[in-house]
There are 2 protein chains.
Amino acid sequence: MTAGTRRVPVGERLPTLEDVAAVAGVSRATVSRVINGIRNVDPQLHELVWNAVGQTGYVPNRLARSLVTRRTGTVALVVSDSESHDDDPFMGRFFADPYFGRVVGGLMSVLRAAGIQLALQIVGTEEQRTRLVGDLRHGQADGVIVLSLPGHDPLPRMLTDAGVPAVMIGRPADPVPINYVDLANDTGAALAADHLVARGCQLVAMISGPADVPASNDRIAGFRRSMARHGHAWVPLASGNFTQESGRRAMRTLLTEQPGLDGVFVANDLMALGALLALRDAGRDVPGDVAVVGFDDSSAAIAASPALTTVRHPLEDMAAESARLLMARIEDPTMRISSVIYEPTLVPRQSA
Amino acid sequence: MTAGTRRVPVGERLPTLEDVAAVAGVSRATVSRVINGIRNVDPQLHELVWNAVGQTGYVPNRLARSLVTRRTGTVALVVSDSESHDDDPFMGRFFADPYFGRVVGGLMSVLRAAGIQLALQIVGTEEQRTRLVGDLRHGQADGVIVLSLPGHDPLPRMLTDAGVPAVMIGRPADPVPINYVDLANDTGAALAADHLVARGCQLVAMISGPADVPASNDRIAGFRRSMARHGHAWVPLASGNFTQESGRRAMRTLLTEQPGLDGVFVANDLMALGALLALRDAGRDVPGDVAVVGFDDSSAAIAASPALTTVRHPLEDMAAESARLLMARIEDPTMRISSVIYEPTLVPRQSA
DNA sequence: AACACTTCGGAAAGCGCTCTCCAAGCCCGA
DNA sequence: TCGGGCTTGGAGAGCGCTTTCCGAAGTGTT
């Protein structure tokens, strides 16, 4: 037999602990101990075992290991979508939105270093949700990051009831004892209001997201409250669904209803891009005639022309933090429920 | 005991097949058969078993099942990145790019329906790659979708050597007997060339992506070839890295070197957005002074002003197709290696 | 009524691993 | 020299599931 790592031919049974043990002339238990670095093993045996591992080309079977350790080294990213159904185009929109990518990027920056993989799960129907929770209780994944979508989602409650370590990105719509990481959306909206008022805008409107998303609601509430504080009791509102096209439509509606408006706060950058287009179509200069403030500080913001003044939403950081929170929770399940709220900042550019 | 599904308290041992068998008064084997719908089981027993399942709140343990069936119901999406290292900011850029989201959306549209979950893996180092392949041989996932990044990646070859069902999105840089789904990038670039020439452009340049990405090379080659066919022997070239900012820089460079240019083909929309910005900064009208054609038809294209004339890259469809291809390959491992090439089309809008 | 043939359910052997016991060997002080 | 504590490695019992192998019924034919 040649020295060094043996190439295991395709199709042949893969070497198991038993095989390594046979080659090394020790018991299966000893090999397992060496590989997992448990207890003091005689240095001589130690080396013997590692040689046998190299010789056989042994790789531990994660599945078998997980079955007994109840640890998988996997975290599930679940996108729960209680309203749409299987072939709803909503999902396509969702993935295309930079939101998803930024979250994944933030999560991976932490998980990757810890050698944890991310399993993507989308659950729509009640049945899927039940199965997911069942799988999770069995330890299919060590924990869950939940991305909540429109509506009052039963999933967070199901997860906590099942005792599955979970962290939400964005607060739950209903009060549930679950860890979460969120942005102070209301503060962010207030920042936008302050900025528009400070600029001297007299008639300010808002383009909001769907009413049943907590983040969206908070932005509306925060904006209204701050505007009221500045003496603007009433804020014309039009709503969209976070897509650029919906922003364009909403802007058109606002222009019809409030031809005199000179400022608008848009609940996300994508819609703000649409609003910019509608304003141009209407011959309004930005920021000369109408000042526009977006939300998210996504890559779209600097791509816009004029570059978008927007509220920075440190999504990557938030996702990374939620991964850390989850990992801590997995390590210590008795950890008390906690939430982390990020403070947004205003990024002034050209549009306002 | 109450009728209906029993809520299993947290912390308590989860019901196993054995428990269900005890309640139903049959053997473990019978329960397994009923649950998996194998063979004819007496309808009476059948019902008895399902009742017991409901009563105990039993959910099969996927891990245990996978261990014996060697099927996991999971497909790995591996992003192989042979050049960057663990904390390379490259990854951040990658996830933020709409490319990633579109691929995931396309994959999920197929996988979700089949009840398959997607596990995201990022491999950078040699060691990670080896471990990944080891895990895959053990059936950690039923198959792999590979997203190849810059450079000559050893992963595709490793996967085929290991006999792991795999499909690449984008052709491999080196010839490897692996299934793949790709776009006829050269044809797409030729389309852009034809369009610019037909418009009457006399001095046409190109902003390309990194030289070591096959897709990027194909676009360069296709564009040059078609321009040559139209009598333009030489095409000024500047390269970027697919980000908007790099496109802006590349455009500035081109304007300096070729002040008289009246047309430019940009290898992706994001860079095209940057180019648009640079052109505006330079006081050039698009498409009046300079015609711009992008590539991808991403959501950024319609967001641009003027709206971008671009080459449509049906990435979602391609990803969906690769998922289907992979599933077929998993079902029938003897299936011959095949590739699917999509034909791009030109989407004329305002920029050219 | 006896036979071959099919249908159906149970026993039990794994899948590949971890980890608790336990026995054997060792060193040390008395 | 002997016993008590320590270290070390092996045997073996699972983790929860599938699936082969069999024997026990049930069916139909001559």
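Lettering of chains follows the sequences in order, A, B, ..., and the numbering in each one begins at 1. These numbers were taken from a predicted model, which means no experiment stands behind them.
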So, does A:Thr30 get its side chain near the phosphate of D:dG10, meaning an N or O under 4.0 Å from OP1 or OP2? yes

C:dT18 P sits how many Å from A:Leu63 CG, rounded? 13 Å

Between the side-chain atoms of B:Arg62 and the base atoms of D:dG16, is any donor-acceptor pair under 3.5 Å? no

Spacing of A:Leu147 atom CG and A:Leu155 atom CG [to the nearest 0.5 Å]: 11.5 Å

Show which side-chain atoms of residues 325-336 of chain B pair as donor or acceptor with protein atoms under 3.5 Å away, not counting sequence neighbours.
from	atom 1	to	atom 2	distance (Å)
B:Arg329	NH2	B:Pro333	O	3.1
B:Glu331	OE2	B:Arg71	NH2	3.2
B:Asp332	OD1	B:Thr334	N	3.1
B:Asp332	OD1	B:Thr334	OG1	2.6

Once side-chain hydrogen bond (donor to acceptor under 3.5 Å, both in side chains) is applied, do any residues pair with B:Ser322, and if so which ones, sequence neighbours excluded? none

Just how far, in rounded Å, is C1' of D:dC17 from CG of A:Asp135? 14 Å

Angle between ring planes, B:Phe100 versus A:Phe100, binned at 30° and 60°: parallel, tilted or perpendicular? parallel

Select from B:Ile35 and A:Ala29 the residue whose nearest nucleotide in DNA chain D is closer to the 5' end of that strand. A:Ala29

According to a strict under-4.0 Å criterion, is A:Ser32 in side-chain N/O contact with OP1 or OP2 of C:dT18? yes

One should read off an interatomic distance between A:Thr72 OG1 and B:Arg62 CZ, to the nearest 0.5 angstrom, of 12.0 Å

Atom pair distance, as rounded to whole Å: CD in B:Gln140 and C1' in C:dC17: 14 Å

Does B:Gln44 CD have over 12 foreign heavy atoms under 6.0 Å away? no

Side chain of B:Ser27, heavy atoms from C-beta onward: which of D:dG10, C:dC19, C:dA11 has the nearest atom to it? C:dA11

To the nearest Å, give me how far apart CG (B:Asp19) and C1' (D:dC17) are. 13 Å

Rounded to whole angstrom units, what separation is found between the CG atom of A:Asp42 and the C1' atom of C:dC26? 13 Å

Approximate separation, where rounding is to 0.5 Å, of B:Leu120 CG and A:Arg112 CZ: 10.5 Å

Expressed as a whole number of angstroms, how long is the span from B:Arg33:CZ to C:dA11:P? 11 Å

Between CG of B:Leu45 and P of C:dT7 the distance, given in whole Å, is 17 Å

Mind listing the N/O atom pairs, protein and nucleotides 14-16 of chain C, below 3.5 Å?
from	atom 1	to	atom 2	distance (Å)
C:dC15	O3'	B:Arg70	NH2	2.6
C:dG16	OP1	B:Arg70	NH2	2.8

Nearest whole Å is fine: how far is D:dT8 C1' from A:Leu48 CG? 15 Å

